[in-house]
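Structure, as structure tokens:
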Number of protein chains: 2
Amino acid sequence: MDATTVLLVDDQALVREGMAMVLGQEPGLRIVGEADDGRAGVQLARLHRPDVVLMDVRMPVLDGIGATREIVTHCPQTRVLILTTFDLDEYAFDGLRAGASGFLLKDASSAELVRAVRTVAAGEAVVSPRITRTLLDRYRQAPVNPPESVRLLEELTAREREVLVAIARGLSNAEIAAELFLSESTVKTHVGRVLAKLQARDRIHVVIWAHRHGLG
Amino acid sequence: MDATTVLLVDDQALVREGMAMVLGQEPGLRIVGEADDGRAGVQLARLHRPDVVLMDVRMPVLDGIGATREIVTHCPQTRVLILTTFDLDEYAFDGLRAGASGFLLKDASSAELVRAVRTVAAGEAVVSPRITRTLLDRYRQAPVNPPESVRLLEELTAREREVLVAIARGLSNAEIAAELFLSESTVKTHVGRVLAKLQARDRIHVVIWAHRHGLG
DNA sequence: CCGGCTGTGGTACCGCGGTACCACGGCCGG
DNA sequence: CCGGCCGTGGTACCGCGGTACCACAGCCGG
């Protein structure tokens, strides 16, 4: 088996040097590139298709979240490990949603860093303990409750909510009409009102809204 | 600072003995009791108020989930660490909802066990890597394992994936064309191929697919 | 060197989605 | 009792989305 290839993306050269120092002399690991902003990171990732990308969150040009999203889009087999300075960094959670395989505090020991890289390279996930705590808290609370969206939901009539979930399921107007025993005209009327109340320009945005807020 | 007190709850005596062996000779740790079912575990926890409870999931009389729920209710400062044999154990996730501070596979090494106990005793959370992976998948609202979805994703070309995420963001063909510097015809071509490869009848189903599988 | 894939582009066509506007019965509250 | 909201329905219109088919350049692999 070849060495695990690693790409470093961080705007602070010192950090990159430190990591390169630690990882470079580790058997089975090989640094294949370094970048000092997100855009360059994405380009190098697409070029080298490394096994693991160590990605800083805050960076010029393109931040770590956007870069992560693009990398997982272009290189599905590449694992991204987010590096963050503060354990309650909101961006880090966005990073997970963007498709990162884990994240690590920058104050981690070199041994932890090496272990984390090997872990994600093996296809598993790693999260530093303090962040795991927060993650679990969110998981427990997860069910619902984005207050703004609930307010909008309550502005809808019962019938409109039925139509909304039907839209979110991907049904066409004709299918909704059949399922609810309505004419297609009526469905169109309801759909129009849902669009207006949610300020969505078309049913596609309704689908996105619904899935962002726990439906589907 | 006093030693960290630990309570063992498992219906298999061998497992308890093994853990007692490992933890008992560890400096700073002290076993304060053992129980072989959930009910007894709750009673001993209320009696000794240990820092950490190592809790099996499957047990007679009262299972580990119910026992965890009662313990965190009666002894808020006590941390419960769930032990599970299989990493995809559904009950383990229920355990997290019940208030456990983490869970651990039974095939963990003794060093991992010790480290996990110390970690939760410090008020942090610990989850074994394989389970973390699943947890993150759920956090992203992906069903469980997306092997099928990843396979589909990799069938797409890089360009098609770019178009896919644009669709998932709710962009119209014209908007995608503008963003990627393409003609609308070309966008339509790509969109058509994405639809075919994902077996989606229209872009709406693509949006749903994308949001179900972690994009957006 | 040729075939296949990818990315780019075009034309033509049709149907669904969305809008605008209107209508009417039922129900509730002022 | 009457005005307003809700749910139901209709007509007419237009544009975007999706399909079908074709074309060509570049690249890579057999």
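For the numbers below, each heavy atom of this structure counts, side chains included, while hydrogens, waters and symmetry mates do not. Chain identifiers are assigned alphabetically (A, B, ...) following the order of the sequence lines, protein sequences preceding nucleic acid strands; residue numbering begins at 1 within each chain.
Electrostatic pairing of A:Glu155 and A:Lys197 does not count as a salt bridge here, judged by no charged N lying under 4.0 Å from a carboxylate O.
Between the CZ atom of A:Arg161 and the C1' atom of D:dG7 there is a distance of 14 Å, rounded to whole Å. Here the P atom of nucleotide C:dG9 and the NE2 atom of B:His190 are 8 Å apart, to the nearest Å. Atom CD of B:Glu162 and atom C1' of C:dT8 are 14 Å apart (whole Å). The NZ atom of B:Lys188 sits 11 Å away from the C1' atom of C:dC14 (whole-angstrom rounding). With rounding to whole Å, B:Leu195 atom CG is found 9 Å from D:dG17 atom C1'. Atom CG in A:Asp202 sits roughly 11 Å away from atom C1' in D:dG17 (whole-Å rounding).
Neither OP1 nor OP2 of C:dG18 sits under 4.0 Å from any side-chain N or O of A:Arg201. For D:dC6, neither phosphate oxygen OP1 nor OP2 lies less than 4.0 angstrom from any side-chain nitrogen or oxygen of A:Arg159. Residue A:Thr157 has no polar side-chain atom (N or O) positioned under 4.0 Å from OP1 or OP2 of D:dC6. Phosphate contact (OP1/OP2 of D:dG17, side-chain N/O of B:Asn173, threshold under 4.0 Å): present.
Contacts of A:Glu175 classified as salt bridge (Lys or Arg N to Asp or Glu O under 4.0 Å), with partners at least two apart in sequence or in another chain: B:Arg201. Partners of B:Ala177 according to the side-chain contact (heavy atoms from CB on, under 4.5 Å) rule, which considers only residues two or more places apart in sequence or in another chain, are B:Val187. With sequence neighbours left out, A:Arg46 forms a side-chain contact (heavy atoms from CB on, under 4.5 Å) with A:Val42, A:His74, A:Cys75, B:Ala158.
Here the closest non-hydrogen pair linking A:Val207 and A:Ala168 is CG2-CA, 4.2 Å. Minimum interatomic distance between B:Ala116 and B:Leu81 (heavy atoms only, all atoms of both residues): CB-CD2, 3.9 Å.
Direction change of the helix axis from one end of the helix from C:dC1-D:dG30 to C:dG30-D:dC1 to the other is 40°, with five pairs defining each end axis (rounded to 10°).
Between the side chains of A:Asp51 and A:Thr5, a donor-acceptor pair is found at a separation under 3.5 Å. For the residue pair B:Thr186/B:Thr189, the side-chain donor-acceptor check at 3.5 Å is not satisfied.
Looking at residues 174-184 of chain B, you'll see B:Leu182, B:Ser183 sit with a heavy atom under 4.0 Å from some atom of DNA chain C.
Within the 4.5 Å cutoff, the side chain of B:Val52 has no heavy atoms near those of the B:Thr78 side chain. B:Ile65 places none of its side-chain heavy atoms less than 4.5 Å from the side chain of B:Met55.
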Notebook entry, point to check: Reading nucleotides 22-30 of chain C 5' to 3', which nucleotides get B (base under 4.0 Å from a protein heavy atom), which S (sugar-phosphate only), which -?
Noted result: ---------
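In this structure, of D:dG17, C:dG17, C:dG10, it is D:dG17 that holds the atom nearest to the side chain of B:Arg203.
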Notebook entry, point to check: Should A:Val9 and A:Glu34 be marked as a side chain to side chain contact (heavy atoms under 4.5 Å, CB included) after you check the CA-CA gap, both sets of side-chain angles, and the distance that decides it?
Noted result: CA-CA 6 Å; A:Val9 186; A:Glu34 300 185 16; over 6 Å; no
